[in-house]
A.B. asks: 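Once you've had a glance at the structure underneath, I'll fire off some questions.
Just so it is clear, the model here is predicted, and its values are computed rather than measured. Reckoned from all heavy atoms, side chains included, excluding hydrogens, waters and symmetry mates.
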Amino acid sequence: ASGQAALKPLTTCTTTPPAVAAQADMAASATDLMDCPVCLSTYTDAQLLPACGHTFCRECIESILGTANWRGQAKCPTCRSFFRAGDAKPNFALRQLLADAAAADAAGAEASAASSSHAAAPSLARSVTRDLSELADGAGAGRGAALCRLQPESLISMGVPRGLAHLMAQEDAQIGLRIFLLDNSGSTQTCDGHYWENGIQFNCSRWEEIKRMSMEHAEFNARVGTACEFVLLNGGPPPQKEGRDFVRVGGSSSQEESEQVAGLRKMLDSSGPTGVTPLSDRLVELRGRIRGEYAELISRGQRVVLVVVTDGMPTSAGSGNSTEGDQKRFVENLKKTVIELPVHVVIRLVTDSDSVVEFYNKVDEEIELNLEVLDDFASEAKEIRAKGNGWLVYTQLLHKIREGGTFMKLLDMLDERMLTPVEISILAQLVLRQQSDPPFPSDPDRFLQALEKHALSADPVYDPLRKRLVPPVDINAVAWRVLPWKRRIAHAMGTSREMWLACALLVLLIALFINGLF
């Protein structure tokens with residue numbers, strides 16, 4: 001981190017590239033938002049391709065795999081990216097939406113989800129797994145079970161939309177531990193950090209931005225009972241000591257959440273920017289720790305979420321200069337971590353340095369699976385709009401969910417490519433639908449009507465780009481994505497006979513004026 005090149009302001013393109021617009025025309029040609037683009041029928045056993053995020057029926061994917069090349073690689077019909085047999089994963093969000101629609105058509109009943117139980121295992125020191133077996137015991141199963149059972153309601157009470165809250169609750173059972181690796185190297189004292197409060201952006205040091213982000217996630221996870229560990233990149237001399245080098249928050253600790261959060265604040269306040277950026281060394285240590293509980297994680301169906309919060313490129317433990325060898329070692333260790341172990345990695349950048357942002361974005365492209373790279377709140381909002389997803393207002397809450405590591409591919413793809421109409425439908429309903437609401441219609445016109453009704457009645461949210469409160473979804477922007485181009489124009493201008501007559505009259509007046517007859 002220290003010894004970096006001079007900092008340059010980060011510039012983000014805010015226009016939609018022609019290729020993105022062309023993709024919108026192709027995607028919007030579907031007649032039904034719930035139709036698979038291969039068989040043109042309603043999705044059956046929806047499967048998602050992790051590399052590109054596109055969804056198809058299971059049978060359609062199997063038929064596509066029949067055209068695989070000699071390496072066993074087939075191409076996604078939508079974007080032509082390669083995938084192999086076994087890559088496809090269930091699209092839980094779409095499956096739940098289809099189940100809700102089927103239940104509403106049949107009897108108006110809501111789909112229910114059953115939770116599985118796992119055998120109890122002995123607790124390990126600083127374990128990376130969680131014992132959720134007592135969830136199956138129902139009432140009286142203890143404080144940990146109560147927290148998990150009430151988690152969707154707890155999330156909803158904190159402002160999380162109901163649809164997202166239920167998916168996050170399902171994800172929570174799959175998370176053994178969230179580890180936040182906090183960069184406290186010397187360069188974090190640089191004063192180009194940012195934080196938001198009451199819709200206003202304030203400038204601060206990078207270390208202050210890291211501290212504020214850490215406290216927000218500690219308070220958030222403590223309230224819902226998710227186990228987290230906050231580890232300093234440059235701690236004291238070994239062995240590691242709790243309260244000096246790391247703090248655990250949430251989970252089954254005997255400490256009250258307020259005491260745990262206070263302990264984190266004390267550790268962060270007593271620490272300061274010092275040292276270098278030995279990210280590779282810490283990855284090796286964490287990988288060894290996680291490998292020791294690999295079997296336990298697999299048997300419980302859990303993963304570790306690792307959030308690396310940093311402002312610089314990796315260095316060795318004895319130098320502040322990031323060499324090509326340091327960078328290659330970091331990439332190799334990161335690859336081993338996400339490929340060999342059940343680990344999902346988020347790299348949260350706390351810098352405006354173009355060279356640092358470019359380095360980590362290239363890492364993200366090279367290591368496609370189980371890795372996401374994020375900027376600060378405002379920069380992410382600009383990037384999402386530039387990718388053609390400006391129809392969704394990117395809120396601080398969505399940013400916090402992505403910062404903490406989510407398995408929802410839709411949120412991961414927001415800053416990678418323009419969402420397809422079916423993906424827009426899923427995400428919009430996750431944000432807007434209430435418990436008693438039936439699924440939105442799959443017909444594009446009726447979908448837009450339902451979307452407009454819910455968007456206008458929803459609580460307004462703060463838009464960091466327009467710097468004011470607005471509805472969570474831009475209806476006209478959604479119409480431009482899901483309707484064929486002729487109907488887009490009609491929707492934008494209004495479909496009433498009077499509107500079309502007024503337009504015709506305006507064109508006539510312009511023609512007369514140009515010819516000097518008026």
A.B. asks: Where the side chain of Arg212 meets the backbone of Trp207, is there a donor-acceptor pair that is under 3.5 Å apart?
C.D. replies: no

A.B. asks: Out of curiosity, Asp364 CG to Asp415 CG, how far, rounded to the nearest 0.5 Å?
C.D. replies: 8.0 Å

A.B. asks: For Leu334 and Leu371: C-alpha separation, side-chain torsions, deciding distance, then whether side chain to side chain contact (heavy atoms under 4.5 Å, CB included) applies.
C.D. replies: CA-CA 9 Å; Leu334 194 60; Leu371 174 67; 4.2 Å; yes

A.B. asks: Would you name the heavy atoms of Val261 and Ala222 that are closest together and state the gap between them?
C.D. replies: CG2-CB, 4.2 Å

A.B. asks: For Ser154 and Val224, indicate whether the former's side chain and the latter's backbone hold a donor-acceptor pair under 3.5 Å.
C.D. replies: no

A.B. asks: Restricting to salt bridge (charged side-chain N to carboxylate O under 4.0 Å, His left out), what partner residues turn up for Asp245, sequence neighbours left out?
C.D. replies: none

A.B. asks: Report yes if some heavy atom in the side chain of Met34 is under 4.5 Å from a heavy atom in the side chain of Leu97; otherwise report no.
C.D. replies: yes

A.B. asks: Considering only NZ, NE, NH1 and NH2 on the basic side and carboxylate oxygens on the acidic side, decide whether Glu358 and Lys362 come within less than 4.0 Å.
C.D. replies: yes

A.B. asks: Not counting sequence neighbours, which residues clear side chain to side chain contact (heavy atoms under 4.5 Å, CB included) with Lys467? List them please.
C.D. replies: Tyr462

A.B. asks: Does some side-chain heavy atom of Asp35 sit less than 4.5 Å from a side-chain heavy atom of Tyr43?
C.D. replies: no

A.B. asks: Please confirm whether the backbone N or O of Lys266 pairs with a side-chain atom of Ser270, one donor and one acceptor, at under 3.5 Å?
C.D. replies: yes

A.B. asks: Between Phe202 and His194, is a ring pair (Phe, Tyr, Trp, His ring centres under 6.0 Å) present by the stated rule, with each step listed?
C.D. replies: CA-CA 6 Å; Phe202 295 90; His194 314 286; over 10 Å; no

A.B. asks: Can you establish whether the number of heavy atoms outside Lys336 located under 6.0 Å from its atom NZ is more than 12?
C.D. replies: no

A.B. asks: Testing the basics here: between Cys76 and Leu49, what is the closest heavy-atom pair and its distance to 0.1 Å?
C.D. replies: CB-CD1, 3.9 Å

A.B. asks: Below 4.0 angstrom, N of the basic side chain to O of the carboxylate: do Arg329 and Glu324 qualify?
C.D. replies: no

A.B. asks: Rounded to the nearest 0.5 Å, how far apart are CD1 of Ile64 and SG of Cys57?
C.D. replies: 9.5 Å

A.B. asks: When Tyr360 is tested against each of Asp375, Leu349, Leu374 for side-chain contact (heavy atoms from CB on, under 4.5 Å), which residue passes?
C.D. replies: Leu349

A.B. asks: Any luck finding a side-chain donor-acceptor pair between Thr351 and Ser353 under 3.5 Å?
C.D. replies: no

A.B. asks: Would the distance check show the side chain of Arg84 and the main-chain N or O of Gly72 forming a donor-acceptor pair, the cut-off being under 3.5 Å?
C.D. replies: no

A.B. asks: May I ask you to decide if Met408's main-chain N or O and Thr406's side chain share a donor-acceptor pair within less than 3.5 Å?
C.D. replies: yes

A.B. asks: If I compare all heavy atoms of Asn234 with all of Val276, which pair ends up nearest, and what's the gap?
C.D. replies: ND2-O, 2.9 Å

A.B. asks: Using 0.5 Å steps for rounding, measure from the CZ atom of Phe220 to the CZ atom of Arg178.
C.D. replies: 8.0 Å

A.B. asks: For His166, check ring pair (Phe, Tyr, Trp, His ring centres under 6.0 Å) against everything at least two apart and list the hits.
C.D. replies: none

A.B. asks: Please confirm whether the backbone N or O of Arg417 pairs with a side-chain atom of Asn389, one donor and one acceptor, at under 3.5 Å?
C.D. replies: yes

A.B. asks: Any sub-3.5 Å donor-acceptor pair from Thr277's side-chain atoms to Gly312's backbone N or O?
C.D. replies: no

A.B. asks: So with a 6.0 Å cut-off around CZ of Arg466, is the heavy-atom count from everything else above 12?
C.D. replies: yes

A.B. asks: Could you measure the distance from the OG atom of Ser280 to the CD atom of Gln327? Nearest 0.5 Å is fine.
C.D. replies: 10.0 Å

A.B. asks: Quick one: list whatever passes ring pair (Phe, Tyr, Trp, His ring centres under 6.0 Å) with Phe56, sequence neighbours left out.
C.D. replies: none

A.B. asks: Ignoring hydrogens, what is the shortest heavy-atom contact between Val393 and Pro471? Give both atom names and the distance.
C.D. replies: CG2-O, 3.3 Å

A.B. asks: List the steps and the verdict of side-chain hydrogen bond (donor to acceptor under 3.5 Å, both in side chains) for Gln47 and Thr55.
C.D. replies: CA-CA 6 Å; Gln47 300 277 312; Thr55 300; over 6 Å; no

A.B. asks: Which word best sums up how the rings of His217 and Phe180 line up, parallel for under 30°, tilted for 30 to 60°, or perpendicular for over 60°?
C.D. replies: tilted

A.B. asks: Using only atom types and a distance under 3.5 Å, with no angle test, would you say the side chain of Asp326 pairs donor to acceptor with the backbone of Thr323?
C.D. replies: yes

A.B. asks: Got a sec, which residues hit side chain to side chain contact (heavy atoms under 4.5 Å, CB included) with Cys204, two or more places apart in sequence or on another chain?
C.D. replies: Tyr195, Glu208, Glu209

A.B. asks: Does the side chain of Leu177 come within less than 4.5 Å of Arg248's, by heavy atoms?
C.D. replies: yes

A.B. asks: Using a cut-off of 6.0 Å, state whether more than 12 heavy atoms not belonging to Arg244 lie near its atom CZ.
C.D. replies: yes

A.B. asks: Are Val346 and Glu403 packed together at the side-chain level, in the sense that at least one heavy-atom pair is separated by less than 4.5 angstrom?
C.D. replies: no

A.B. asks: Taking side chain as C-beta onward, heavy atoms only, is Asp311 less than 4.5 Å from Ser185?
C.D. replies: yes

A.B. asks: Strictly distance-based, threshold 3.5 Å: is any side-chain N or O of Arg95 a donor or acceptor partner for the main-chain N or O of Ala46?
C.D. replies: yes

A.B. asks: So, using ring pair (Phe, Tyr, Trp, His ring centres under 6.0 Å) as the criterion, who are the partners of His344 when residues are at least two apart?
C.D. replies: Phe407

A.B. asks: Look at the side chain of Ser379 and the backbone N and O of Asp376, then say whether any donor-acceptor pair between them is shorter than 3.5 Å.
C.D. replies: no

A.B. asks: Between Leu65 and Phe83, does the side chain to side chain contact (heavy atoms under 4.5 Å, CB included) criterion hold? Intermediate values first, please.
C.D. replies: CA-CA 9 Å; Leu65 284 168; Phe83 72 97; 3.6 Å; yes

A.B. asks: State which residue, out of Glu372, Glu416, Glu383, fulfils the salt bridge (Lys or Arg N to Asp or Glu O under 4.0 Å) condition with Arg402.
C.D. replies: Glu372

A.B. asks: Could you tell me which non-hydrogen atom of Val431 sits nearest to which non-hydrogen atom of Pro161, and how far apart they are?
C.D. replies: O-CB, 3.4 Å

A.B. asks: For Arg206, run the side-chain hydrogen bond (donor to acceptor under 3.5 Å, both in side chains) check against Thr188, Asp192, Asp183 and tell me which one passes.
C.D. replies: Asp192

A.B. asks: Are the side chains of Val470 and Arg468 in touch, meaning some heavy atoms are under 4.5 Å apart?
C.D. replies: yes

A.B. asks: When you look at Thr226 and Asp172, which way does the side-chain hydrogen bond (donor to acceptor under 3.5 Å, both in side chains) test go after all the steps?
C.D. replies: CA-CA 7 Å; Thr226 303; Asp172 183 71; 2.6 Å; yes

A.B. asks: Is any side-chain N of the basic residue among Arg385 and Asp463 closer than 4.0 Å to the acidic one's carboxylate O?
C.D. replies: no

A.B. asks: Quick check: closest heavy atoms across Ala455 and Pro472, and the distance to 0.1 Å?
C.D. replies: O-CD, 3.9 Å

A.B. asks: With a cut-off of 6.0 Å (strictly less than), are more than 12 heavy atoms of other residues, nucleotides or ligands near CD of Glu197?
C.D. replies: yes

A.B. asks: Are any non-hydrogen side-chain atoms of Met213 and Val307 less than 4.5 angstrom apart?
C.D. replies: yes

A.B. asks: Mind checking whether Pro278 and Leu233 have side chains closer than 4.5 Å, heavy atoms only?
C.D. replies: yes

A.B. asks: Could you state the interatomic distance from OG1 (Thr337) to CZ (Arg287), rounded to the nearest 0.5 Å?
C.D. replies: 4.5 Å

A.B. asks: Would you give the length of the straight line joining atom CZ of Arg282 to atom CG of Leu232, rounded to the nearest 0.5 angstrom?
C.D. replies: 10.0 Å

